[in-house]
**Q** 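Structure in structure tokens, see below.
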Amino acid sequence: MEARALILAAGLGTRMKSDRPKVAHEMLGKPLVRWVVDAAHEAGCEQVHVVIGSGKELVEPLLDDCTISYQLDMFGTGHTVMCAREALEGFTGCTVVLCGDSPLIRPQTIADLVQAHQEAGAAATVLTMDLDDPSGYGRIIRDESGNVCGIVEEKDCDDAQRSCTECNSGVYCFDTPMLLEHLDELGRDNAQGEYYLTDIIGLLVEAGQKVAAYVVADDSECLGINSRLQLAEATKVAQRRINEAWMAEGVTMLDPEQVWIGPDCQLGRDTEILPQTILSGATSIGSDCVLGPNTRLTDCTVGDACTLEETVGISAVLEDEVTCGPRAYLRPEAHIGHGAHIGTHVEIKKTTIGANTKVPHLSYLGDTTVGEDSNIGAGTITCNYDGFIKNPTVIGDRAFIGSDSIIVAPVHIGNDTFTGAASCISKDVPDGALALERSEQQTLEGWTLNKKKEMEQKEDKDEGE
Ligand code: UD1
Ligand code: CA
């Protein structure tokens, strides 16, 4: 497909009432403009060019695989395309214009639009939609024979035009030289005083060029986001679309309304997702897992047959058959080995846990490496931070760390070791050793009974006075 994409993403997004530019707002953990860029790439567009303006320092870092132009004054969508003129010049293929605030467009729809455009041999093809409530959208004007002859913005419509329900989606496919040839003919003599890209359609028809329309099958694809309410509505559409696709692939959901999966996540079959689970970024889950309830994973890799209940994970890697939670917190660079168990109220940061090792209760392990088949007792804390730098802890295979151990890093605890409960371990423990750091217990026999007697006698005496 000899096509390029041109994404209009410079607008202010005033109705979002935000300090962030609209296209940088996220839907299911992914910025709006990224949804559109990825759809264009997936559709086979050989280059994706984005025009940005408002809040460009926040939008630009999202577009590392795109070429960029800038629109610094907002004079309308026609002006946006003018700002990309240099990038379009010399290209003889077609240019698909997309809106950075319409993230639900499907790659297949873009590809179908380009195909329809090429088959029709048109100078421009408009993606249109038939809406029960067309308010806010530009209307498609057709002549007696049904050919598209123009687009009129709602604010410029007469009553007859306003009653038309066929709307402009804001997505078009243009023959690039033809688009550029007529771009400078756009004027600003309209209700909003803007250069309307939509006026190109009428100009092409006047010049005797063929303009076609391609009606989108599912008009939710063209939902534009102008407000927080529309963002929530679009999120619902995306959520439903993604969850239905995963259920069709063999994923079980107790209640799909309460599961949010980002567009770039992967899931294996026979995995079950329980309510209030949010997966985002490049999270990948194997098969036969149970996730949730209340589990949130961002950029995590989870193997097969894992159970994660009430677990928060960020950039963590879990091998097969790991169990986590309830209430586990896996922070970046946590690597949990095959069959390991991370229990309740346990936080793991930049730490590797070996196969079949258990950290069952109330622990913090940071900057640590633990070998295989070890048991980390309840309440074990690694003191990895001395107030200046982070220090490493190494614990070997088959180590038994007693409950309430405090491990002051840097320290190395060898294989087949024991540490006594409540010990503060600050010196290396060689292989096979027991380390015990605990002051001797004092037991004073009869002390409590004597004390009680003494108190009773004192009370009797006080009452007698
Ligand atoms: C536009 C169309 C309308 C269509 C609707 C579909 C025009 C004149 N109207 O209206 O026919 O039904 O989309 O959603 O094109 N933008 C810029 N710079 C600007 C203005 C806009 O980059 O100066 C970008 C916006 O960021 C947005 C897109 O262009 O991504 C559409 O702009 P918007 O103002 O939302 O146009 P609509 O009024 O919705
Ligand atoms: Ca819009």
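Every number for a ligand or one of its atoms is a count from 1 in the order of the listing. The residues of the chain are indexed from 1 along the displayed sequence.
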**Q** Can you say whether the rings of His79 and Tyr195 are parallel (under 30°), tilted (30 to 60°) or perpendicular (over 60°)?
**A** tilted
**Q** What part of Asn168, side chain, backbone, both or neither, has a heavy atom within less than 4.0 angstrom of ligand 1?
**A** both
**Q** Please indicate whether any nitrogen or oxygen in Thr80 is less than 3.5 Å from any nitrogen or oxygen in ligand 1.
**A** yes
**Q** Considering the heavy atoms of Phe75, write down every atom of ligand 1 situated less than 4.0 Å from one of them.
**A** 23 (O)
**Q** State whether the number of non-hydrogen atoms from other residues, nucleotides or ligands found under 6.0 Å of Arg327 atom CZ is greater than 12.
**A** no
**Q** Distance under 4.0 Å to a non-hydrogen atom of Gly100: what atoms of ligand 1 satisfy this?
**A** 30 (O)
**Q** Within ligand 1, which atoms have a heavy atom of Ser169 less than 4.0 Å away?
**A** 6 (C), 14 (O)
**Q** Given Gly170, Cys222, Ala84, identify the one with the heavy atom nearest to atom 13 (O) of ligand 1.
**A** Gly170
**Q** With atoms numbered from 1 as shown, which atoms in ligand 1 lie under 4.0 angstrom from a non-hydrogen atom of Tyr196?
**A** 8 (C)
**Q** Considering only heavy atoms of Gly76, which atoms of ligand 1 have at least one such atom less than 4.0 Å away?
**A** 19 (C), 20 (C), 23 (O)
**Q** Is the closest heavy atom of Gly224 to ligand 1 under 4.0 Å?
**A** no
**Q** Would you check whether Cys167 reaches within less than 4.0 Å of ligand 1, judged by its heavy atoms?
**A** no
**Q** Show the atoms of ligand 1 that are less than 4.0 angstrom away from any heavy atom in Cys99.
**A** 28 (C), 30 (O), 31 (C)
**Q** Quick one: does Asp101 get a heavy atom under 4.0 Å from ligand 1?
**A** yes
**Q** Can Thr393 and Asn384 be said to form a side-chain contact (heavy atoms from CB on, under 4.5 Å), step by step?
**A** CA-CA 7 Å; Thr393 297; Asn384 57 325; 5.6 Å; no
**Q** What atoms in ligand 1 come closer than 4.0 Å to a heavy atom of Thr198?
**A** 7 (C), 8 (C), 9 (N), 11 (O), 15 (O)
**Q** Roughly how far, to the nearest 0.5 Å, is OH of Tyr385 from SG of Cys383?
**A** 13.5 Å
**Q** Number the atoms of ligand 1 from 1 as they appear, then name those within less than 4.0 Å of a heavy atom of Gln71, with their elements.
**A** 17 (C), 18 (N), 19 (C), 22 (O), 23 (O)
**Q** Between Ala9 and ligand 1, find which residue part has any heavy-atom pair under 4.0 Å and reply side chain, backbone, both or neither.
**A** backbone
**Q** For Glu153, which part has a heavy atom under 4.0 Å from ligand 1: side chain, backbone, both, or neither?
**A** side chain
**Q** Any heavy atom of His79 sitting closer than 4.0 Å to ligand 1?
**A** no
